[in-house]
Colleague: 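Submitted below is the structure of interest, expressed as structure tokens.
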Amino acid sequence: MVTSELLTGLSSIILEEQIQGGSHSSPLLGNNGRITVFPKTEQEIADILQYANEKAMKINIIAGGTKRGFGGIEESADILLSLEQYKGVVEHSPGDMIVTVKSGTTYQELQDFLAEHKQKVPLDPALPKEATIGGVIAANDFGPKRLGYGSARDMVIGLRMVYPDGTIIRSGGKTVKNVAGYDMNKLFIGSMGTLGVISEITIKLRPLQQYESLILLSFPDGNLEDIHTFTISLLDSVMEPVALELLNPPLAEIVTGHRAFTLAISFEDVESSVRYQVDYVKQHKPSDASISILEQNDARSFWDNLAAVSPNGQQTVSEQTTKAALKVGVKNLDVVSVIKESQLLQDSHHLKAEAHGGLGTGLCKVYLTGTKDDVVSAITSLRSFAEHLGGYAVATHLPLALRQQIKVWGEKPSHFFLLDGIKAKVDSKRILNNGRFVGGI
Amino acid sequence: MVRNKVKTNDIHIINLAKLVSSPNAILYKEEDLLAYDCDGFTIERHLPRAVVFPKNTEEVSQIVKYCAENNLPFLARGAGTGLSGGAIPLNNEVIISLVRMKRLLEVDLENRRAVVEPGFVNLKLTNSISDKGYYYAPDPSSQYACTIGGNVAENAGGAHCLKYGVTTNHILGLEVVLPNGEIIEIGNGGIPDSPGYDLLGLLTGSEGTLGIVTKITVRILKNPEAKQTVLAYFDNIEDGSQAVSDIISSGIVPAALEMMDKTAIEGVEAAAFPVGHPKDIEAVLLIEVDGIAAGIEGQIEMILDVCRKWNVREVKAARDEAERGRWWANRKTGFGAMGAISPDYLVQDGVIPRSRLPEVLAKINHISKESGLRIANIFHAGDGNLHPLVLFDSRIPGETEKAIEAGSACLKVCADVGGSITGEHGVGIEKKEEMRFVFNDEEIIAQTNIRDVFNPDHLLNAGKLFPTPGRCAEVKRELSSKN
Ligand SMILES: Cc1cc2nc3c(=O)[nH]c(=O)nc-3n(C[C@H](O)[C@H](O)[C@H](O)COP(=O)(O)OP(=O)(O)OC[C@H]3O[C@@H](n4cnc5c(N)ncnc54)[C@H](O)[C@@H]3O)c2cc1C
């Protein structure tokens, strides 16, 4: 269909000022649209989807744009559906500790709103100022405090989804427990927008911590055995760290100023409990590790800085140097090996590798900067390292050209037919975020 | 060698007997099948065609393949403690009992996980690792009997799920036999976020309608450093409910926050584990806080302040582990205790936003008055999960029906305040029609569409979970299948 026809079709659904010809961001990341639409209501989203579905037109979904480099093998779809203007808190019930929010609300906006009520969504995703809550849930992003609070699947209790044919499907509800029917929330979390557009999200909240401290243990000799042993003893103690994150030297240098393997241990609770745990770590830390302790605002700034390190799909991509981000999943303690391996990549592949991983969660984030060829071979090598350990590596940020070259999600799982079967039932014409997920779904 | 000799003309039973290798691994005589005509939901009964007891995944797969090839309905069964009829053979199913697959396969304390077979009993897991200071968090009151496979199927909860989450938050990996007999592994042995749609999350709570779980990797937790347990007695149920609401919104996350009303107290005090609750009290709260010892005292103080604000008559803290144990036994045997004050009882399982507790309890009280049946309330107050227990006498003609109606009315009240019809017991047969209180036709079809991906011929546990389609739904299904 020619663009002008598309324009006419869409302008019968939404106001002209909510439609933009073309897309204004760099083509190097892909996931664009020939036309961008900015719906402001759920009904508009539904109408746009229904229209596109009838005409079998492809739609890419975007909001903050931070994950533009995450999956997808096309430069452009017919329509780019932007949720940027679909934002705001729909309902907040402080007594029930739940909030319902529109998906285009940025993570930070939501968190600021909740902070006024001494509450929070206990996720700590990358780039909270730009990332929207819908994007965070759709991509299942998370941060180091996942150890203490869990991930999106543990806190999202209800969703309103707009299905490709424009039907509104509610899953879950507004209660913290609910087993009526299938737990469809789980299906949509992390589905990368391939099953529907997330319209509203209902989340179970936590009280804002009364006190927080962060211990940075830095290991100048890089003795990873020490880190391993200390971690095992800490995890086997009754201490309750909410984060236990290992940073490789280049990343530690960015966020702490010291180039050394660094263990970031975070405690959040009432003050007496936090102090007790900090003392425990002081007494039990390996003798050659140097320690610094950050409290309250200082601890928060550290985590904010760490969350800002990730490559951002909003920014223009340079032709010369390639940036990539990987999510690596392994068994909890194998994180030490992955962080070490990412350090070795620097020399073997002549690039910059910044990496951190949770020793109680098994999940690492690795950021690579270098030439195209070096980045590709480093990804391949890190992926096979992770697979050797029984794990996986997913490329969460890559330029389009490299996504066409490397399998972003790795090989298809053996039960791929179930995943594809689900996609086929929900989005039979494959109009939504086509090709953005596992195995080309 | 055929271990299982059968005397019957039913060729399917003869063939199934060849697929199971442990001794006495098939039941097919009517007198043996009677024990399998219902589960913990006893109002409806149907006989299965046979019950088979596979001893490993391969046998499960062979049985399922046989059933699929011969068009025989089948379903999985654990301990049969389910309260919504999920394991009842509505269609003369072959029941695949997992109780002989009950091994603890692996414990990996460093990576905090354990691998069990589906017939492994919930409480045994904690008992097997408690000497090392670890436990498995989901603790349904039936945990001494129910299987972890059954817990996965129902997404079981329990008193301590308020702080630690329900079954789904603790499942890291599953091995599943699909309805065509194929064996799949999901969750990558416990590594989180395997690429792909979250089938782990989808299968957990799917009530045995998508596949048969044959191996489970679970998360295990370190015991908290300290625990403090408190009983608080209220003269007025509204005050008790307000206290619940205020405790939660004060920023404390208790490990457990349970409530019983007057009728329930009468029951538990007349049953096997009385603890001397005052007889004239309207509500008791059982509150537990756990975590780092240094932080507990302050939290208990805050809780006591809230209780005082809401006119608590008396509070007491457990003096030792033995007393704490008695209080929990008193609470956890609460359903069965109703047997001491009523010939029959029906348990319901609505969930509500906690702030609506006072209003909902008043409405349930009204339903009780209208129906003339006593309703006891024992529940997980902290997460708004009510368990109205409708007391009745099935020998009195019409009273069973009245009890079912009253139970359904309680669920309607929950749904109407923005809640749900079930928090942990599942829909099963019992609440199929009540699904319409919370989902419209399109939403139900969205779910049955997913079922059809896994279970296209509906041989596995058919007739459960979803309401009989209305006309309008049938028409839409026609349309959607033509797409
Ligand atoms: C006194 C009492 C107290 C209870 N308290 C609680 C409570 O506090 N919290 C709570 O959540 N529940 C509670 N329950 C309900 C019940 O114990 C749980 O639902 C439990 O999870 C059922 O486990 P089971 O092994 O008995 O499963 P069953 O009753 O045998 O089966 C339940 C369902 O699971 C399916 N199933 C069983 N095993 C498998 C498998 N391996 N693969 C696939 N599907 C399978 C069956 O087909 C059926 O649909 C209580 C029940 C009783 C009788």
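We name chains A, B, ... by the order of the sequence lines, and we start the count at 1 in each one.
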Colleague: Report the C-alpha separation of B:N111 and B:D108 in whole Å, then their side-chain angles, then the decisive distance to 0.1 Å, and conclude whether the side chain to side chain donor-acceptor pair (under 3.5 Å) test is met.
Modeller: CA-CA 6 Å; B:N111 290 299; B:D108 176 358; 3.0 Å; yes
Colleague: Could you tell me whether the side chain of B:E110 reaches within less than 4.5 Å of the side chain of A:L235, counting heavy atoms only?
Modeller: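 Side-chain contact under 4.5 Å: no.
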Colleague: Counting only non-hydrogen atoms closer than 4.5 Å, does A:N178 touch chain B with its backbone (N, CA, C, O), its side chain (CB onward), both, or neither?
Modeller: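 It is both, since atoms from each part get that close.
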Colleague: Taking side chain as everything from C-beta outward and backbone as N, CA, C, O, which of these in A:Y163 sits under 4.5 Å from a heavy atom of chain B? Side chain, backbone, both or neither.
Modeller: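 Interface part for A:Y163: side chain.
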Colleague: Mind ranking B:V351, B:I421, B:I186 by heavy-atom pairs under 4.5 Å with chain A and telling me who comes out on top?
Modeller: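 Option with the top pair count is B:V351.
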Colleague: Does the ring pair (Phe, Tyr, Trp, His ring centres under 6.0 Å) test come out yes or no for B:Y197 and A:F437, once each step is laid out?
Modeller: CA-CA 9 Å; B:Y197 299 128; A:F437 201 38; 5.0 Å; yes
Colleague: Under 4.0 Å between a Lys/Arg side-chain N and an Asp/Glu carboxylate O for A:E268 and A:K120?
Modeller: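 Yes, charged N to carboxylate O under 4.0 Å.
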Colleague: What part of B:L178 gets within 4.5 angstrom of chain A, counting heavy atoms only: side chain, backbone, both, or neither?
Modeller: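 The side chain, not the backbone.
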Colleague: What is the distance from atom NZ of B:K431 to atom OG of B:S420, rounded to the nearest 0.5 Å?
Modeller: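 One gets 9.5 Å once the value is rounded to the nearest 0.5 Å.
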Colleague: Could B:D198 and A:R153 be called an ion pair, given the rule that one side-chain N must be under 4.0 Å from one carboxylate O?
Modeller: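 Looking at B:D198 and A:R153, the cut-off is met.
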Colleague: In terms of heavy-atom pairs under 4.5 Å with chain A, which of B:I444, B:I191, B:D349 leads?
Modeller: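 Maximum pair count with chain A is reached by B:I191.
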Colleague: Could you have a look at B:P353, B:G251, B:G350 and say which one has the most heavy-atom pairs with chain A under 4.5 angstrom?
Modeller: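 Most pairs with chain A among the choices: B:P353.
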Colleague: Under a 4.5 Å cut-off applied to non-hydrogen side-chain atoms, are B:I248 and A:M97 in contact?
Modeller: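 They are in contact (side-chain heavy atoms under 4.5 Å apart), so the answer is yes.
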Colleague: Which one, A:D96, A:L418, A:I441, A:L419, leads in non-hydrogen pairs under 4.5 Å with chain B?
Modeller: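 Greatest number of close heavy-atom pairs with chain B: A:D96.
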Colleague: May I ask you to name which of B:D193, B:V166, B:V438 has the most heavy-atom pairs under 4.5 Å with chain A?
Modeller: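 Heavy-atom pairs under 4.5 Å are most numerous for B:D193.
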Colleague: Considering only heavy atoms and a distance below 4.5 Å, find which of A:E271, A:K186, A:K177, A:K412 pairs most often with chain B.
Modeller: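 Option with the greatest count: A:K177.
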Colleague: Do A:Y280 and A:F267 come within less than 4.5 Å of each other through their side chains, counting heavy atoms only?
Modeller: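 No, side chains not in contact.
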Colleague: Name the region of B:I184, side chain, backbone, both or neither, that has any atom closer than 4.5 Å to a heavy atom of chain A.
Modeller: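 Looking at B:I184, just its side chain touches chain A.
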Colleague: With a 6.0 Å cut-off on ring centres, are B:F466 and A:Y182 close enough?
Modeller: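 For B:F466 and A:Y182, the ring centres are under 6.0 Å apart.
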Colleague: Looking at side-chain heavy atoms only, is the closest gap between B:L357 and B:S245 below 4.5 Å?
Modeller: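 No, side chains not in contact.
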Colleague: Relative to chain B, which of A:D334, A:V394, A:L205, A:I232 shows the most heavy atom pairs under 4.5 Å?
Modeller: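 Counting heavy-atom pairs under 4.5 Å, the top option is A:I232.
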Colleague: What part of B:H425 is in contact with chain A, defined as an atom under 4.5 angstrom from a non-hydrogen atom: side chain, backbone, both or neither?
Modeller: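 Backbone only.
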Colleague: Contact part of A:V270 toward chain B, heavy-atom cut-off under 4.5 Å: side chain, backbone, both or neither?
Modeller: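 The answer is the side chain of A:V270.
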Colleague: Please determine, among B:N188, B:V427, B:T204, the option with the most heavy-atom pairs under 4.5 Å with chain A.
Modeller: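 Ranked by contacts with chain A, first place is B:N188.
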Colleague: If you count heavy-atom pairs under 4.5 Å between each of A:L195, A:N140, A:I98, A:N185 and chain B, which one has the most?
Modeller: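 Answer, by heavy-atom pair count under 4.5 Å with chain B: A:L195.
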Colleague: Taking atom NZ as the centre, does B:K432 end up with more than 12 heavy-atom neighbours from other residues, nucleotides or ligands that are less than 6.0 angstrom away?
Modeller: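 Atom NZ in B:K432 is crowded, with more than 12 foreign heavy atoms closer than 6.0 Å.
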Colleague: A:T231 versus chain B, heavy atoms under 4.5 Å apart: side chain, backbone, both or neither?
Modeller: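 The answer is neither part of A:T231.
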Colleague: Quick one: of B:G190, B:G165, B:G205, B:G196, who has the most non-hydrogen atom pairs under 4.5 Å with chain A?
Modeller: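 Among B:G190, B:G165, B:G205, B:G196, the one with the most close pairs to chain A is B:G196.
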Colleague: Which one, A:E240, A:R170, A:Q277, A:R275, leads in non-hydrogen pairs under 4.5 Å with chain B?
Modeller: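 Ranked by contacts with chain B, first place is A:R170.
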Colleague: Mind checking whether A:E200 and A:L159 have side chains closer than 4.5 Å, heavy atoms only?
Modeller: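 They are not in side-chain contact.
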Colleague: Within this structure, what is the OG-CD1 distance for the pair B:S250 and B:I303, rounded to the nearest 0.5 Å?
Modeller: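 Spacing of OG (B:S250) from CD1 (B:I303) equals 7.0 Å.
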Colleague: Please tell me if the side chains of B:L174 and B:L203 come closer than 4.5 Å, counting only heavy atoms from C-beta onward.
Modeller: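 Yes - at least one pair of side-chain heavy atoms lies under 4.5 Å apart.
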Colleague: Quick one: what part of A:S191 sits under 4.5 Å from any heavy atom of chain B, side chain, backbone, both or neither?
Modeller: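 Both parts, backbone and side chain.
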Colleague: Scan B:K227, B:K163, B:Q299 and name whichever one has a side-chain hydrogen bond (donor to acceptor under 3.5 Å, both in side chains) with B:D290.
Modeller: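 In the set B:K227, B:K163, B:Q299, the residue that makes a side-chain hydrogen bond (donor to acceptor under 3.5 Å, both in side chains) with B:D290 is B:K163.
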Colleague: With a 4.5 angstrom heavy-atom cut-off, could you sort out which part of A:I169 is near chain B: side chain, backbone, both or neither?
Modeller: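 Both parts, backbone and side chain.
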Colleague: For A:V242 and A:L147: C-alpha separation, side-chain torsions, deciding distance, then whether side-chain contact (heavy atoms from CB on, under 4.5 Å) applies.
Modeller: CA-CA 5 Å; A:V242 297; A:L147 174 60; 6.0 Å; no
Colleague: Measuring heavy-atom distances to chain A, does B:E154 have an atom under 4.5 Å in its side chain, in its backbone, in both, or in neither?
Modeller: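 Just its backbone gets close to chain A.
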Colleague: Go through A:G172, A:A180, A:G95, A:G439 and name the one with the most non-hydrogen pairs under 4.5 angstrom from chain B.
Modeller: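 Option with the top pair count is A:A180.
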Colleague: Pick one of side chain, backbone, both or neither for A:K327, based on which atoms fall under 4.5 Å of a heavy atom in chain B.
Modeller: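 Only the side chain of A:K327 comes within 4.5 Å of chain B.
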Colleague: Need one label for A:V274: side chain, backbone, both or neither, based on atoms under 4.5 Å from any heavy atom in chain B.
Modeller: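 Contact with chain B: none, neither part.
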Colleague: Below 4.5 Å from any heavy atom of chain A, which atoms of B:N169 appear? Answer side chain, backbone, both or neither.
Modeller: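 Its backbone and side chain both get close to chain A.
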Colleague: Between B:F439 and chain A, which part of the residue has a heavy atom less than 4.5 Å away: side chain, backbone, both or neither?
Modeller: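 When you check distances to chain A, atoms from both the backbone and side chain of B:F439 fall under 4.5 Å.
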Colleague: A:K365 and A:D141: side-chain contact (heavy atoms from CB on, under 4.5 Å), yes or no, with the steps?
Modeller: CA-CA 11 Å; A:K365 292 186 175 182; A:D141 198 15; 2.8 Å; yes
Colleague: With side-chain contact (heavy atoms from CB on, under 4.5 Å) as the criterion, how do A:V330 and A:Y392 come out once you've worked through the C-alpha distance, each side chain's angles and the decisive distance to 0.1 Å?
Modeller: CA-CA 7 Å; A:V330 289; A:Y392 62 85; over 6 Å; no
Colleague: In terms of heavy-atom proximity below 4.5 Å to chain A, should B:N223 be classed as side chain, backbone, both, or neither?
Modeller: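 Looking at B:N223, just its backbone touches chain A.
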Colleague: Is chain A contacted by the side chain of B:E182, its backbone, both, or neither, given a heavy-atom distance below 4.5 Å?
Modeller: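 Contact with chain A: side chain only.
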Colleague: Which atoms of A:V438 come close to chain B, meaning under 4.5 Å heavy atom to heavy atom: side chain ones, backbone ones, both, or neither?
Modeller: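 Side chain only.
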Colleague: Please evaluate residues B:M435 and B:Q447 with respect to the criterion side-chain contact (heavy atoms from CB on, under 4.5 Å), reporting the C-alpha separation (whole Å), side-chain torsions for both, the decisive distance (0.1 Å), and the verdict.
Modeller: CA-CA 12 Å; B:M435 282 283 275; B:Q447 298 184 39; 4.1 Å; yes
Colleague: Using non-hydrogen atoms only, which part of B:L465 is less than 4.5 Å away from chain A: side chain, backbone, both, or neither?
Modeller: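 B:L465 touches chain A through side-chain heavy atoms alone.
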Colleague: What part of B:S194 gets closer than 4.5 Å to chain A, counting heavy atoms only: side chain, backbone, both or neither?
Modeller: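 Interface part for B:S194: backbone (N, CA, C, O).
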Colleague: Can you tell which part of A:K331 gets under 4.5 Å to a heavy atom of chain B, answering side chain, backbone, both or neither?
Modeller: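 Both parts, backbone and side chain.
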Colleague: With a 4.5 angstrom heavy-atom cut-off, which part of B:L200 approaches chain A: side chain, backbone, both or neither?
Modeller: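 Contact with chain A is through both the backbone and side chain of B:L200.
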